[in-house]
Every structure is written in structure tokens, then in C-alpha cells.
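Computed from a prediction, not measured in an experiment: that's the story for all the values here.
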Amino acid sequence: MNGLPNLPGLLDRLLEFSMPHLVAAPILVPMLTAALMLLLGEQRRKTKSALSVVSGLVGLLTALALLRWVNAVDTGDGPGSVGVYLPGNWRAPFGIVLVADRLSSMMVALTGVVAFAASIYSTSRWDRAGVHFHPLLQLQLMGLNGAFLTGDLFNLFVFFEVMLAASYGLLLHGSGRLRVRAGLHYVAINLAASSLFLVGAALLYGVTGTLNMADLGIRIAQLDAADRGLVHAAAAILATAFFAKAGAWPLNFWLVPGYSAAVPPVGAVFALLTKLGIYTVLRLWSLLFAPDTGASAAFGQPVLVAAGMATLFVATLSMVGTQQLSNLAGFSVLISAGTLLTAIGLGTPAIWAGALYYLLSSTLAASAFFLLTDMIERWRNAGVAVAPIEAGAAAPFLTEDLRLGDDVNLDDDAEALYGRAIPAGVAFLGLGFVGCTLLLTGLPPLSGFLGKFAMLDGLVRNAAGITIAGGTFMLLLILSGFLSFVALSRSGIRHFWSNSNANLPSLPALEVLPVAGLLGACIALTVMAEPVMQHAIATAEGLKTPTAYRNAVMNARQVPAPSTRDRP
């Protein structure tokens with residue numbers, strides 16, 4: 001027995017060796033899957049569907065492993081653990097750097113959950129509405145994960161373009177005049193935003209001589225006063241591009257028509273795109289304009305707060321003014337974006353922690369709502385024809401053959417008002433709609449309420465609530481929840497209580513499971529609120545004091561060449 005190898009020790013050493021390389025896995029897995037799918041061709045759609053689901057599962061497990069590893073490894077330099085990967089084996093700031101900290105790994109995990117649910121849902125019917133659906137979906141995931149993990153502005157632009165190129169095809173998937181018209185607006189605004197991105201990055205590089213995010217913060221702190229104006233101009237140009245992607249008003253006119261026109265699984269994934277804009281704003285603002293950057297500290301804070309409040313206010317009014325379910329889902333994304341931008345602008349770790357928790361809940365709920373609206377609208381538009389009832393057969397919806405007496409209350413169709421069993425499909429749609437309503441409006445007891453409550457608690461505890469900006473945000477947050485509840489309740493009454501369609505909804509398991517999984521993830525956020533909030537608090541502290549991030553990136557060492565290792 002003593003001669004046997006120490007298997008637990010071997011596994012630990014294997015994990016210790018492989019985990020640093022895990023930072024690149026969320027990019028490589030969808031990229032290789034997309035390449036394999038393109039080689040298979042369009043004739044093997046079932047194989048490609050299975051590959052998409054398997055890739056989504058692998059990506060989700062990889063993201064969760066990365067999240068756990070980042071939380072387990074402590075750099076010792078302050079709050080927030082950071083894993084750095086040098087793909088070209090060149091040290092920062094000269095080489096490509098992939099960085100996994102608590103924020104980026106959380107966003108990759110969120111992407112994995114939504115992508116896995118969307119890939120399963122699409123295999124029910126939507127992947128057959130056009131060509132190359134699954135390769136485009138994989139390429140979009142590659143762009144999203146790459147944008148979350150990259151450590152420099154130029155590669156952020158590259159991954160942005162990979163994601164956008166795939167999203168153009170996904171938005172047009174299924175064809176139709178409505179999708180083409182929305183797609184043209186979507187392409188035009190994103191091409192303009194990409195141009196601004198390039199101009200801002202070029203200007204920033206011309207002043208500082210670097211595009212590495214960690215290095216940018218260090219060099220901005222050392223700039224002469226004469227050069228700070230150019231840096232601030234570059235930041236304003238970049239912010240315009242990121243605001244367009246985040247859905248900030250007035251640059252969000254394209255978002256709701258585009259997201260509503262997309263097929264449901266694409267709309268669910270598109271809910272992540274605005275969060276990428278939010279992530280980019282938070283990442284760059286916390287690094288480039290940290291408290292230790294001198295005169296540039298907190299640059300643009302009033303603009304962030306104003307843009308967020310305007311987005312929140314306009315999106316809430318727009319939500320009250322629409323009754324189409326897909327539009328309600330789109331405006332809920334904008335409400336989330338406005339809430340997060342305002343919370344970022346207020347700039348305290350306590351508010352940021354609540355905002356990060358709210359980001360997880362609102363994204364999962366919005367993605368579930370996009371999928372749920374497809375099932376509800378398909379059921380509502382299915383027709384009202386009902387099969388005739390044979391003589392002696394039990395009436396539909398009855399739990400048993402009721403013998404109606406004189407004291408039984410009847411409805412307008414002479415059917416009993418009690419004793420009906422709610423069909424499973426209708427019950428699932430109704431409960432799913434109620435769950436999404438509670439999550440998106442921030443009503444107790446689910447995670448949407450906990451996220452909003454955490455932000456309000458951060459406002460009060462940090463004395464920001466007594467300022468004009470903090471008080472206005474508090475009022476808008478409460479008012480937005482109430483008006484959103486009114487809009488969604490009105491829509492629920494229209495689709496469920498006033499629905500004259502007597503047909504039972506046809507809900508395949510491939511559609512039910514993803515929606516149930518996303519809502520279940522929100523319930524898990526509620527049950528595990530304490531550890532998730534502790535992660536959010538640690539993330540916010542690390543963002544407010546980015547020393548650990550900068551040190552980890554700038555001190556990452558190259559792997560020695562094989563010829564120089566352990567020479568005898």
C-alpha cells in the first residue's frame with residue numbers, strides 16, 4: 001500500500017498546474033467549438049445542436065471553476081484575488097494580458113449560465129430558422145468572454161468586434177422585414193460606436209504611450225497638467241462608445257426594437273451585451289480614474305450619475321407606455337442599465353456591492369423573461385378552436401365528473417367556477433411571469449429586492465443618501481419599481497386573466513428547462529445571498545482600491561524558455 005502513488009496529492013498538483021491556464025479556457029472553448037461546427041456544415045444540424053449544448057455546459061463548468069479559483073487564491077496585496085495569463089509570454093504592458101479577478105470571473109460565470117440556457121432553448125426550434133446559428137452563438141460568447149477577461153484596450157476593441165460581428169448575424173437570424181430594419185439600426189449605431197472607440201483609444205495611446213489598463217492608471221497619475229485635458233477628452237470619447245453599448249439615454253433608441261426583433265434565445269443572450277458596456281465603464285473608470293490618479297480622480301462622475309438617472313427615468317416611462325411583452329423585456333434591460341450606471345457614478349463600495357448583486361439578478365431575470373415571452377405569445381396566438389367534447393366525456397379542466405347542483409355558481413359559458421385543475425403549462429407560464437415580475441421590479445422576497453435594498457442601504461450608511469444625487473436616485477429606484485410593477489401587472493392581466501384562448505400551451509421540455517433554470521438561479525441567489533454579497537463586497541473593495549489588480553498585472557512573470565530550465 002505504501003508504494004501506491006498519493007492520488008489526492010497528484011490531483012492537487014495537477015489542478016495547481018492547470019488552473020492558471022484556465023483563464024484562457026472561456027475564450028478557447030467557444031472558438032474551437034465554432035471552428036468545428038463550420039467544418040461540419042449545415043447538413044449535420046443535430047450534431048451541431050448537441051455540440052452547442054455540450055460546449056455551453058463545458059463553458060459554464062469552466063467559468064464556475066475559474067470563479068472558485070479566483071476566490072481561493074489570495075495575492076496578499078489587498079482585497080480581490082487576481083489571476084494573470086500571458087498568452088504570448090510577453091510581460092505587461094508590451095504583451096497581450098488576460099486577467100481574471102473577482103469582477104471578470106463573475107461576469108464570465110454569468111455569461112456561462114445565460115449561454116447554456118439559451119443554447120438549450122434554441123435547439124427546440126429557433127436554430128432551424130436560419131443558417132449558422134450555433135457557430136455565430138459560439139463566436140459571440142468568445143467575444144463576450146474575451147472582453148471580460150482582456151487586460152488592455154486594443155484587445156478589448158478586438159473582442160468587441162468579434163462579438164458585434166456575430167451579433168449582426170444573430171439579430172438577422174430568421175429573416176423578416178422587422179428584423180432587417182432593426183438590424184440596420186443596430187449595425188449603424190454599433191459601427192459608429194466602434195469608430196469612436198478607435199479614436200478614443202488612439203488618443204489615449206498618443207498621450208500615455210500604453211493601452212494596458214493597469215498601466216494606464218499608473219501613467220495617468222504621473223501626467224503633467226497640460227496633458228490631462230487630452231486624457232479626459234479621450235475618456236469622454238470612449239465613454240460615448242460604451243454608453244451606446246450599455247444602453248444609456250439618449251443613445252439607446254436602437255436597443256428595444258433590436259432586442260424585440262431578435263429570436264428569443266438571441267434576445268436572452270443580448271441581455272448580456274448591455275452588461276458588457278456597464279462592465280467596461282466600471283472597469284476603466286475604477287482603474288483610470290482611481291483615487292490615486294491625482295487631478296483625474298473620479299473624472300466624469302456627474303456625467304455618469306446624470307446619464308444613469310436619465311436612462312432610468314425614460315426607460316420607466318417607456319415601460320408604462322407599452323403593452324408588448326418583448327418590448328417590456330427590452331425596457332427592463334434599460335432600467336437595469338440606468339440603475340447600474342447611476343450606482344457606479346455614486347462611487348462608494350457599499351453601493352457598488354449592491355449594484356453587482358443586482359446586476360446578476362436583473363440579467364438572469366431579463367434573459368428568462370425574453371424566453372418566457374416567446375412561450376406566452378405563441379400560446380396566446382395559437383387560436384381559440386377547441387375540440388368538441390364527446391357525449392359522456394368529462395368536461396375539460398375538471399378534476400372529476402362534477403354533478404352540478406342548484407347551488408353551483410356558473411360562469412358565462414355555463415361551466416363551474418370551482419373544481420377546475422390548472423393545466424401544468426398554464427401554471428408554469430403564470431408562475432414564471434410572476435417570478436419575472438417580482439425580480440424585475442425588485443419586490444420581496446426574491447433577489448431583485450435584495451439587490452435594490454443593498455443599494456439603498458449603501459446610500460444611507462455612507463451618507464450619500466442625503467445628497468441631491470443620492471436622494472434623487474433613491475426616489476427614482478422606488479418609483480421605477482412601482483411603475484414597472486404596474487406595467488407588468490397590466491400585461492399579466494391581459495395575457496392570463498383576459499385571455500380567451502382555451503387551448504392549452506404546448507411547452508417542450510427543451511423550452512421549459514432553460515427558463516426554470518434561470519429562475520432557479522435567481523432563487524439560488526436569494527437563498528445564498530450572504531456568500532454572494534460577501535463576494536460582491538470584496539469585488540467592490542478591490543475596484544475602489546485597484547492596487548492588487550495593477551500589481552498582479554505588472555508583476556506577472558514570463559514562463560522561462562525550455563532550454564533554460566534546470567540545466568544539469
Side-chain angles (χ1 to χ4, degrees), residues 25-64 111-145 162-163 165-176 179 183 261-272 367-368 370-379 381-382 424-425 428-429 432 504-521:
I27 303 172
L28 294 177
V29 169
M31 181 184 71
L32 296 176
T33 304
L36 179 58
M37 288 178 177
L38 292 175
L39 291 175
L40 291 175
E42 281 298 305
Q43 291 74 23
R44 300 181 180 179
R45 293 199 173 189
K46 291 185 178 180
T47 304
K48 293 168 70 173
S49 298
L51 276 174
S52 180
V53 175
V54 171
S55 175
L57 178 59
V58 172
L60 174 59
L61 295 178
T62 302
L64 294 177
T111 301
V113 174
V114 174
F116 184 48
S119 62
I120 296 176
Y121 192 94
S122 65
T123 58
S124 175
R125 66 182 68 211
W126 290 109
D127 61 342
R128 299 186 292 274
V131 297
H132 302 307
F133 176 85
H134 292 296
L136 288 171
L137 178 61
Q138 295 300 316
L139 290 174
Q140 184 168 46
L141 297 179
M142 171 193 168
L144 278 168
N145 289 333
V162 171
M163 177 202 67
S167 68
Y168 298 154
L170 289 174
L171 181 57
L172 296 174
H173 182 76
S175 68
R179 290 192 180 96
V263 296
V266 173
V269 175
F270 276 13
L272 291 166
S367 298
F370 272 110
L371 301 181
L372 193 68
T373 54
D374 170 52
M375 293 189 285
I376 294 175
E377 290 180 345
R378 192 169 67 241
W379 165 51
N381 298 327
F428 176 80
L429 294 180
L504 298 182
S506 176
L507 304 180
L510 291 175
E511 296 180 354
V512 172
L513 291 177
V515 176
L518 290 173
L519 294 177

Shortest non-hydrogen contact from Leu60 toward Gly112
CD1-C, 3.8 Å
Could you go step by step and tell me if Leu170 and Val269 meet the side-chain contact (heavy atoms from CB on, under 4.5 Å) rule?
CA-CA 10 Å; Leu170 289 174; Val269 175; 5.8 Å; no
State the OG1-CD distance between Thr111 and Gln140, to the nearest 0.5 angstrom.
10.0 Å
Spacing of CG belonging to Leu371 relative to CD1 belonging to Ile376, to within rounding of 0.5 Å:
11.0 Å
Return the set of residues passing side chain to side chain contact (heavy atoms under 4.5 Å, CB included) with Ala368 (not counting sequence neighbours), or none when no residue passes.
Cys436, Leu518, Leu519
Which pairs of donor and acceptor atoms, one on a side chain in residues 26-33, lie under 3.5 Å apart (sequence neighbours left out)?
from: Thr33; atom 1: OG1; to: Val29; atom 2: O; distance (Å): 2.7
from: Thr33; atom 1: OG1; to: Ser55; atom 2: OG; distance (Å): 3.2

Closest non-hydrogen atom pair, Gly267 against Phe370
O-CD1, 3.5 Å
Go through the steps to decide whether Val266 and Trp126 satisfy the test side-chain contact (heavy atoms from CB on, under 4.5 Å), and finish with yes or no.
CA-CA 9 Å; Val266 173; Trp126 290 109; over 6 Å; no
Backbone N/O of Phe116 and side chain of Ser119: donor-acceptor pair under 3.5 Å:
yes
Looking at residues at least two apart in the chain, or sitting in another chain, which of them share a side chain to side chain contact (heavy atoms under 4.5 Å, CB included) with Ala521?
Leu364
Rounded to the nearest 0.5 Å, what separation is found between the OH atom of Tyr121 and the CG atom of Leu510?
10.5 Å
Here the gap from Met37 atom CE to Leu136 atom CG, rounded to the nearest 0.5 Å, amounts to 10.5 Å
Over all atoms of both residues, closest heavy-atom pair of Ser367 and Ala271
OG-CB, 3.7 Å
Under 4.5 Å between any side-chain heavy atoms of Val515 and Met375, yes or no?
yes
Heavy-atom closest pair (Ala117 atom, Pro514 atom, distance to 0.1 Å) is O-CB, 3.3 Å
Pairs satisfying salt bridge (Lys or Arg N to Asp or Glu O under 4.0 Å), at least one member in residues 508-521, at least two apart:
Arg125-Glu511, Arg378-Glu511
Taking side chain to side chain contact (heavy atoms under 4.5 Å, CB included) as the test, write out the residues that go with Leu139, two or more places apart.
Ala34, Met142, Ala166
Using a 4.5 Å cut-off on heavy atoms from C-beta on, say whether the side chain of Leu171 contacts that of Phe270.
yes
For Leu513, check side chain to side chain contact (heavy atoms under 4.5 Å, CB included) against everything at least two apart and list the hits.
none
Taking every non-hydrogen atom, the tightest pair across Leu137 and Ser52:
CD2-OG, 4.3 Å
Under 3.5 Å, side chain of His134 to main-chain N/O of Ser122, donor-acceptor pair present?
no
For Ser49 and Thr123, which heavy atoms make the closest approach, and how far apart are they?
CB-CG2, 3.7 Å
